[in-house]
Amino acid sequence: MSESPVAPRHVYLVDGSGFIFRAFHALPPLNRADGTPVNAVLGFSNMLYKLVGETDADHIAVIFDASRITFRNRLYDQYKAQRPEAPPELIPQFRIVREATEAFNIAQVEMVDYEADDLIATYARLARAAGAIVTIVSSDKDLMQLVGDGVAMYDPLKQRAIGPDEVREKFGVGPEQVVDVQALCGDSVDNVPGVPGIGVKTAAELINTYGDLETLLSRAPEIKQPKRRQSLIDFAEQARISRALVELKSDVEVPVPLADLGLRPSDPGKLLGFLQAQGFRQLASRVQTRHPGAVPTAAAPMAAPSEAAPSAASSSVAPVAIASDTPQPPAQVEKRYELVQTEADLDRWIARAEAEGVVAFDTETNSLDAVLAELVGISLAVAPGEACYIPVGHVGEAAAGELNLSGAERPPQIPLDTVLARLKPLLEAPAVLKVGHNAKYDIQIFRSYGIEVAPVDCTMLLANTLEAGAHGMGMDELALIYFDYETIKYKDVAGSGKSHKGFAAVPLEAARDYAAEDADITLRLHRLLKPRVGRERMATVYETIERPLMPVVAAMERAGIKVDRAELLRLSADFGERMVDYEKEIHVLAGGPFNIGSPKQLGEVLFEKLGLPGGKKGKNGAYGTDAGILEDLAQTHDLPRRVLDWRQLAKLKSTYADALVEQINPKTGRVHTSYSLAGAATGRLASTDPNLQNIPVRTEEGRKIRRAFVSEPGHVLMSADYSQIELRLAAHVAGIEALKQAFRNGDDIHAMTASQVFGVPVEGMDPMVRRRAKAINFGIIYGISGFGLAQQLSITPAEASEFIKAYFQRFPEIRNYMDETKAFCREHGYVKTIFGRKCHLPGIKDSNPARRAFSERAAINAPLQGAAADIIKRAMIRLPARLAAEGLKARMLLQVHDELVFEVPESETERTIPVLKEVMEGACAPVIELSVPLVVEVGQAHSWDEAH
DNA sequence: CGTTTCACG
DNA sequence: GACGTACGTGAAACGT
């Protein structure tokens, strides 16, 4: 292969060996059809694909290690000696990764006796000498010594560049001094000895003081600290050897000249053949999309690529087992989707549904807002592949976006009233199960037409009950995971963004294909998931919590809550005027105008223009400017305080005052949120459009917004909230005796904690001490960490760790709970609440310690947060019926995790309060008897703020 | 479309 | 000893 002698301008050097290890540990196990593990190959291939697609390089090579033994072992026989053998699953992948590089038609280089890093150093030098710039694709710290002067590094996994600043952040010195620092601090991974007792921090300090290693070693006797001085004298030679080990060799006689690394076009057929042979379907299809004509040329004599499961599915839930459970993968069943345009056809489908006893259904509407939405069509599925679409509100195509001047004709459809009249008996028939995906929405739609759909199953809730936390619960995602099937996307039929035309304007055939498929997939999901819920002992959670909650939440959404529009408008104007004042003041303080809302510009003003102390912190090189940082800076300068004031008003104005006015429903004059029942992994609800679970309450300015949430005339808003529910559950679940007793006594729990942990009497306690104890109690619920607590309390991590230690000593049961919960999660991949709800945490086995620790804290929190969610859900299910039975008209409007908000006639408030308390406090019975009491506090007023 | 910030429990 | 920090959410604004 002779390369045209083009002078290199940009050379990419990919650290192949480094990447294989990283990909292997970062990705979940994955096997191709013949059982060969290929997860690292997939990671590697994805990386190359992206790299080749994005790079402007004209020369590129992947560099590998040829063998474990290199010239460095002759310098120091212990070099990399204690490094464990590669895991057996990785070994076969070394070869395949080289095949992958070949398939991409990228040059690859390796050389006996040298590490990949030495070859990279050599090519980098050659490239610079030829006038090219160099990008080293790697995150290996051993390569950082090469950075600078036209050489940069790029971490393909984190997609970030590593330049001199990043190197300085890591080593505390510039790239040219990295070798000296490494010589001192050594490297336990590579078994580079360094000097005992010297870490990165100390090494950087020393090198910054003395300039380089040799100067330091020669002037070692001057060093003040006796221990350090002696180490440097005793281990000077070891430091020199270490330096020789870490310094890369840039004069290797490379086997391939730089000129031969020129970027070559790949052969799409060959690449496709390789990818398909590994079973990398996603990547193969992307290649195919880019090269439509490509035909895979046989690469390996292998069976058809089979279940190398899509990466989305390769979590803790054993996707292969699920897939093998699949009754009929859609691809193999003939699809018969029918357009229903006559009453006779409609009756035929209704009869089929009644005969089956189960029908999947889906509604198409002209709005995502269930309160405003009008029906455009209905789809039904009665058996896999057998589905129909009944259009009722489609308009002529031309009528959609523009004025219907030509009177574009409405396609033939059965009148809506007729369809509804015929469907009503079916949808309300107790003997016919109706199955929807996110059925709450469809229940709402039909309720607005006077149809009470029942009984109903929801495949989104079934999937969530089984696998919350493992993956998303949208239908498209589930179809891909369970059936390996790509659904038609809404935006493909109805457009999106500017070209969105609304479903009513979609031509009937396209609408049929999309809508009928939704019902079809829903039916198939139901056949798969419903039996699993029983088999896997999750029926109680689904049947007693999730399923009965659907109609209750649907009613709350429909009820909505009244907001005082005029008051919100006044607030918006007030906030706006005050913002203008602040803005002027800020610009004066800053010495010129800038966009206060831009963290980037603000950071530059604070830290560069004004030169305030603090500085960079983000991984993206951006300055941090959050409230904590500005609060600290406020001691030094007036500007940060003003920015904090401005930000508060900006937030209140845009997110609340203005947005809520926009959200007032023109039909009802109220605000209707939408609750997501399968959004949060822990079992909590989530509120969207608008989010009514984060209405301000903590500050006086913020509470003005809450004051605009009001009752109808003659009514009050009544707020009932569980006191300390998660801490009570922690006491119960972890069996913390002292905490349980305190709750039984009705003690001030934070004061009690403070008294126990800090050994001070509750009487006359310093509020500061109680505040600390409160933070620790919260920390317990969150899976406490020294760093987190330190940040919360503005103390040092060491002090925080002391507090935690004292807490564990006083309440030893909590430690057991934490350890057992983590162990359970590692074994099963999920944790459970006392009511049996599961929360999956795929990250619990992550090889990255930070991500794993994150999952461990989540594992500790989820059973507590989840049990609290179970309890309030149980109360919500019982309340409407209990209130009705007592002859009370209270309507449940909102849920905010541990609080329920009702609208109550003024004449009934006295009688309503005890009912709310009784049902909510008794919500665990009869399945669970808590060892601590639950306490509910009730308040009432004409606004939500005052009802607290 | 991802990041940053901030509102809530 | 590295990782990069308290748990769970959603919305708005900025800037690429």
Side-chain angles (χ1 to χ4, degrees), chain A residues 25 141 158-159 170 185-189 199-200 469 595-603 617-630 643-644 647-648 650-656 658-660 663 673-676 679-699 701-703 705-706 721-722 724-726 730 775-776 778-793 797 800 804 839 841 846-866 868-869 872 894-899:
Chain A
H25 291 294
K141 62 183 182 341
K158 292 186 180 166
Q159 301 193 30
K170 177 144 188 84
C185 62
D187 184 341
S188 59
V189 180
V200 181
N595 184 350
I596 306 165
S598 162
K600 187 163 175 272
Q601 291 181 35
L602 177 63
K617 76 144 199 207
K619 21 201 168 239
N620 307 315
Y623 293 109
T625 68
D626 68 23
I629 292 171
L630 294 186
V643 173
L644 284 168
R647 274 203 186 148
Q648 181 186 32
K651 178 82 173 177
L652 294 174
K653 183 175 190 303
S654 70
T655 308
Y656 298 104
D658 294 343
L660 282 170
Q663 289 279 354
T673 185
S674 170
Y675 288 103
S676 153
T682 52
R684 274 192 178 179
L685 304 187
S687 162
T688 61
D689 309 301
N691 181 354
L692 296 186
Q693 291 180 323
N694 71 346
I695 299 303
V697 70
R698 292 174 192 173
T699 67
E701 289 298 330
R703 277 203 295 275
I705 298 286
R706 198 169 272 240
D721 70 284
Y722 285 104
Q724 305 280 7
I725 187 166
E726 289 186 16
I776 299 175
F778 270 100
I780 294 300
I781 295 166
Y782 295 154
I784 201 152
S785 84
F787 250 96
L789 184 64
Q791 188 133 18
Q792 183 66 35
L793 288 177
I804 295 169
C839 174
L841 291 150
D846 200 303
S847 63
N848 177 323
R851 284 200 291 262
R852 196 171 54 241
F854 191 78
S855 292
E856 286 174 351
R857 293 193 296 268
I860 289 161
N861 173 259
L864 308 176
Q865 195 183 111
I872 198 168
L894 302 178
Q895 190 252 42
V896 192
H897 311 308
D898 64 359
E899 174 190 12

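All values reported here derive from a predicted model rather than from experimental measurement. Every chain is numbered from 1 and lettered A, B, ... according to where its sequence line falls, protein lines coming before strand lines. Computation of the quantities below employed the complete heavy-atom set of this structure, encompassing side-chain atoms and omitting hydrogens, waters and symmetry-equivalent molecules.
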Nearest-nucleotide 5' precedence on DNA chain C, Q865(A) against P849(A): P849(A)
Spacing between Y782(A) atom OH and dG8(C) atom C1', to the nearest angstrom: 8 Å
Base, sugar-phosphate, or nothing: which does A775(A) touch, judged by heavy atoms less than 4.0 Å apart? base
Here the distance between atom P of dT9(C) and atom CG of N861(A), to the nearest Å, is 10 Å
Determine yes or no for a side-chain-to-main-chain donor-acceptor pair under 3.5 angstrom, with S676(A) supplying the side chain and A686(A) the backbone. no
For Q648(A), enumerate each residue passing the side-chain contact (heavy atoms from CB on, under 4.5 Å) test, keeping only those at least two apart in sequence or located in another chain. L652(A), T699(A), E701(A)
Quick check on dG4(C): is either OP1 or OP2 less than 4.0 Å from any side-chain nitrogen or oxygen of R851(A)? no
Suppose we screen for salt bridge (Lys or Arg N to Asp or Glu O under 4.0 Å). Which residues come up paired with R852(A), at least two apart in sequence or across chains? none
Of the nucleotides dT5(B), dA7(B), dC3(C), which has the atom closest to the D626(A) side chain? dT5(B)
Would you kindly give the CD-to-P distance between E701(A) and dC8(B), to the nearest whole Å? 13 Å
Return the set of residues passing side-chain hydrogen bond (donor to acceptor under 3.5 Å, both in side chains) with Q601(A) (not counting sequence neighbours), or none when no residue passes. none
Under the rule for side-chain contact (heavy atoms from CB on, under 4.5 Å), what residues qualify as partners of F854(A), not counting sequence neighbours? R857(A)
Taken to the nearest whole Å, CD/E899(A) to P/dA7(B) is 18 Å
For A853(A), which contact category applies under a 4.0 Å heavy-atom criterion: base, sugar-phosphate, or nothing? nothing
When the C1' atoms of dG1(C) and dC6(B) are considered, how many whole Å apart are they? 35 Å
Looking across every strand, which nucleic acid part, if any, lies under 4.0 Å from S676(A) by heavy atom: base, sugar-phosphate, or nothing? nothing
Rounded to whole Å, CD1 of I776(A) lies from C1' of dC7(C) at a distance of 17 Å
Nearest-Å distance once atom C1' is located in both dA6(C) and dG2(B): 24 Å
Taking CG from L602(A) and C1' from dC6(B), how many angstroms apart are they, rounded to a whole number? 14 Å
What one-letter contact string describes nucleotides 11-16 of chain C from 5' to 3', where B marks a base within less than 4.0 Å of any protein heavy atom, S marks contact via sugar-phosphate atoms alone, and - marks no contact? BSSSSS
Dot-bracket for DNA chain C, 5' to 3', counting Watson-Crick or G-U wobble pairs under 3.5 Å, with [ ] for crossing pairs and | for inter-strand pairs? ......|||||||||.
Using a 4.0 Å heavy-atom cut-off, does I860(A) contact any base of the nucleic acid, only the sugar-phosphate backbone, or nothing at all? nothing
Side-chain contact check for V896(A): nearest option of dG9(B), dG8(C), dA6(C) is dG9(B)
Tell me, please, which residues at least two apart from A790(A) pass side-chain contact (heavy atoms from CB on, under 4.5 Å). I795(A), P797(A), A800(A)
Rounded to whole angstrom units, what separation is found between the CZ atom of R684(A) and the P atom of dC8(B)? 14 Å
Side chain of Y782(A), backbone of G788(A): donor and acceptor closer than 3.5 Å? no
Side-chain atoms of D898(A) come closest, of dA2(C), dC6(B), dG9(B), to dG9(B)
Whole-Å distance separating the CZ atom of F854(A) from the P atom of dT5(C): 9 Å
Ignoring the backbone of V697(A), work out which of dC3(C), dC6(B), dG9(B) is nearest its side chain. dG9(B)
Would you classify A681(A) as touching base, sugar-phosphate or nothing, given that sugar-phosphate means primed atoms plus P, OP1 and OP2, and contacts are heavy atoms under 4.0 Å? sugar-phosphate
Look at all strands and tell whether L789(A) reaches a base, only sugar-phosphate, or nothing, counting heavy atoms closer than 4.0 Å. base
Would you say R698(A) places a side-chain N or O within less than 4.0 Å of OP1 or OP2 belonging to dC8(B)? yes
Counterpart residues, side-chain contact (heavy atoms from CB on, under 4.5 Å), relative to A659(A) (two or more places apart): none
According to a strict under-4.0 Å criterion, is R857(A) in side-chain N/O contact with OP1 or OP2 of dA6(C)? no
Measure from the side-chain N and O atoms of N861(A) to the backbone N and O of L864(A), and report whether any donor-acceptor pair falls under 3.5 Å. no
Look at all strands and tell whether K653(A) reaches a base, only sugar-phosphate, or nothing, counting heavy atoms closer than 4.0 Å. nothing
Minimum heavy-atom distance L685(A)-Y675(A), with the two atoms named: CD1-CD2, 4.0 Å
Between dG4(C) and dT4(B), how many Å separate the two P atoms, rounded to a whole number? 14 Å
Taking only residues two or more places apart in sequence or in another chain, which ones pass salt bridge (Lys or Arg N to Asp or Glu O under 4.0 Å) with D721(A)? none
